[in-house]
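What you are looking at is a predicted structure, and each value in this text was computed from that prediction instead of being measured. Both counts, for ligands and for their atoms, begin at 1 and track the order of listing.
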Amino acid sequence: MGRAGILANSTMVCAPLMARSVEQMVIDMQSAEAQGADAVEVRLDYINSFQPSQDLETIIRNKPLPVIIVYRPRWEGGQYEGDEHTRLEALRLAHELGADYIDVELKVASDLVREVKNKHQTGGKVIVSSYLSGATPSKEDLSHLVASMQATKADIIKVVSNANDITELDWIFHLLSHSEVPAVAYSLGERGLISQLLCPKFGGALVYGAMEGNSIPGLPTLDSLREAYKVENINSDTKVFGLVSKPVSHSKGPILHNPAFRHANFNGIYVPMFVDDLKEFFEVYTSPDFAGYSVGFPYKEAVVQFCDEVHPLAKSIGAVNTIIRKPSDGKLIGYNTDCEGSIASIEDALEDQRYMNGASLNSPLAGKQFVVVGAGGAGRAIAVGAKSRGARVIIFDIDLERAKSLAQVVSGEAQHFDSLAHFQPEKGAILANATPIGMHPSTDRIPVAEATLGNYQLVFDAVYTPRKTRLLEDADAAGAITVSGVEMFLKQAIGQFSLFTGTEAPKDFMREIVLAKF
Ligand SMILES: O=C1C[C@@](O)(C(=O)O)C[C@@H](O)[C@@H]1O
């Protein structure tokens with residue numbers, strides 16, 4: 001693997017290595033190179049019975065890539081429990097033996113940096129680092145921290161935090177783009193992930209990625225940095241698109257949208273954004289760099305109020321799954337691509353059959369009984385779409401009031417979810433599941449009585465993990481046409497691509513990705 005072509009940034013992708021022996025460290029350094037790392041971070045504090053002179057010599061002699069030597073003490077979240085003198089001696093020695101970087105903690109940095117720089121002109125650099133445990137400090141405290149790190153004369157400063165909310169990341173983007181010396185700054189975990197993925201955009205010196213089979217809590221994998229996000233292509237002009245959702249890590253959006261952007265030569269990145277509070281999120285994320293969003297569970301309805309304008313279809317549905325920031329004035333415009341995505345998927349499957357029977361050109365949904373399970377964001381989009389095609393819609397939801405309010409929009413009928421167990425559909429009806437029932441990991445559940453499945457002409461499931469849900473398997477066995485949520489996912493994403501980029505989506509390419517990777 002490795003990187004090829006012209007680089008758009010100078011950010012290095014670094015693999016942290018935590019092997020227990022020096023021999024394994026050497027093997028891991030080679031694997032990291034093969035998996036596309038530009039540098040490795042060797043954690044001496046993980047090596048059992050570490051022998052400084054002998055082991056450092058072995059590591060540095062065998063390094064296939066620039067190496068960062070770290071010897072993290074317990075008091076800064078590491079494994080080393082011995083005395084400070086021995087620890088700092090090992091770091092001095094690493095520098096003397098030609099380590100490309102040594103990483104020292106701010107608390108012990110000032111003397112050490114000056115000393116190693118004056119003593120040995122090895123060309124090795126010093127990273128001064130600080131781990132912020134607990135709550136993110138105030139902006140003022142952070143700027144004092146950064147000033148004291150710069151005052152050590154570090155070549156690179158590194159600050160790592162543990163954000164409790166995505167809105168806490170703005171100081172990281174600010175530090176990366178304004179620091180006087182090269183900086184590394186990121187936050188760990190699902191809420192901090194975008195600070196790592198966007199590091200090259202804001203000029204960060206390093207982004208860390210875990211090697212295959214060596215997952216590290218809070219960090220992306222090397223593979224995702226290289227394959228899905230291709231961080232080497234990101235630069236300051238890269239437009240950021242995010243999936244605003246909670247949870248968010250289940251989404252396959254990044255592995256579809258990012259390659260599609262690249263295929264179309266569009267300078268964009270699509271990242272998962274774990275959002276806890278929509279209001280605070282939109283108050284903080286106002287920069288034109290954040291050019292648009294997908295909106296996922298549970299925010300599709302609530303997000304409408306944060307849009308400056310809402311497309312008429314999305315307005316009639318009462319749910320938005322796509323937002324574009326207008327470049328001219330920064331206004332947020334809400335759209336809904338779920339509606340066409342779901343209805344076109346169902347129509348296409350029926351059309352295939354209809355052409356075989358030589359029927360007419362109206363929507364094959366016209367006049368049909370159409371059962372929608374779930375009156376949330378996705379259910380609303382499906383119900384409005386079905387109604388627009390002339391179907392007769394019945395909505396089931398555990399919240400009867402919610403079902404009724406949707407039924408009113410589509411001049412349909414509302415029933416409580418519990419009555420679905422005894423509901424007898426008309427022969428030839430359509431069933432659409434728009435609840436998470438059957439979604440990974442609870443894959444053995446279905447929302448309707450199995451015995452009724454034979455009455456449906458077509459069963460659609462908005463769930464896309466797994467591709468073929470238990471509901472679809474049972475419906476298939478009962479002789480119904482089945483349509484997977486993967487089809488809707490693809491079609492709604494095609495709609496989003498056009499809105500995000502202002503150009504037509506590479507549909508065939510996107511379908512190939514879905515077939516290969518979903
Ligand atoms: O329903 C979906 C799926 C999605 O939430 C995701 O998981 O990627 C993204 C949304 O925009 C879309 O409407």
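Among protein heavy atoms, the minimum distance from atom 9 (C) of ligand 1 is reached at Leu243 CD1, 3.8 Å. Atom 11 (O) of ligand 1 has as its closest protein heavy atom Gln496 NE2, 2.9 Å. Atom 8 (O) of ligand 1 has its closest protein heavy atom at Ser251 OG, 2.6 Å. For atom 12 (C) of ligand 1, the nearest non-hydrogen atom of the protein is Gln492 OE1, 3.4 Å. Atom 10 (C) of ligand 1 has its closest protein heavy atom at Val295 O, 3.4 Å.
In this model, no donor atom of one side chain and acceptor atom of the other lie less than 3.5 Å apart for Glu33 and Gln35. Gln457 and Lys368 are linked by a side-chain donor-acceptor pair at a separation below 3.5 angstrom, with hydrogens and angles left out of the test.
The option with the heavy atom closest to atom 7 (O) of ligand 1, from among Tyr464, Tyr293, Tyr299, is Tyr464. When Pro272, Ala434, Gly296 are checked for heavy-atom proximity to atom 5 (O) of ligand 1, Gly296 turns out nearest.
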**Request:** Could you please spell out the steps behind the ring pair (Phe, Tyr, Trp, His ring centres under 6.0 Å) verdict for Phe396 and Phe423?
**Result:** CA-CA 10 Å; Phe396 291 84; Phe423 174 74; 5.1 Å; yes
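Between Phe290 and Phe173, the two ring planes are tilted [angle within 30° to 60°].
Of the possible donor and acceptor atoms, one in the side chain of Tyr285 sits under 3.5 Å from a partner among the backbone N and O of Ile166.
Taking the six-membered ring for Trp, Tyr186 and Tyr208 have ring centres closer than 6.0 Å.
Using a 4.0 Å cut-off between heavy atoms, Asn321 contacts ligand 1 through both its backbone and its side chain.
Under a 4.0 Å criterion applied to the non-hydrogen atoms of Lys300, ligand 1 contributes the atoms 1 (O), 2 (C), 12 (C), 13 (O). Interface of Ser294 with ligand 1, defined as ligand atoms under 4.0 Å from a residue heavy atom, comprises 11 (O).
No N or O atom of Tyr270 sits closer than 3.5 Å to an N or O atom of ligand 1.
Ligand 1 has His250 within reach: a non-hydrogen atom of the residue lies less than 4.0 Å from it.
The nearest pair of heavy atoms linking Cys339 to Ile317 is CB-CD1, 3.6 Å. Taking every heavy atom of both residues into account, Phe497 and Ala505 meet most closely at CD2-CA, 3.3 Å.
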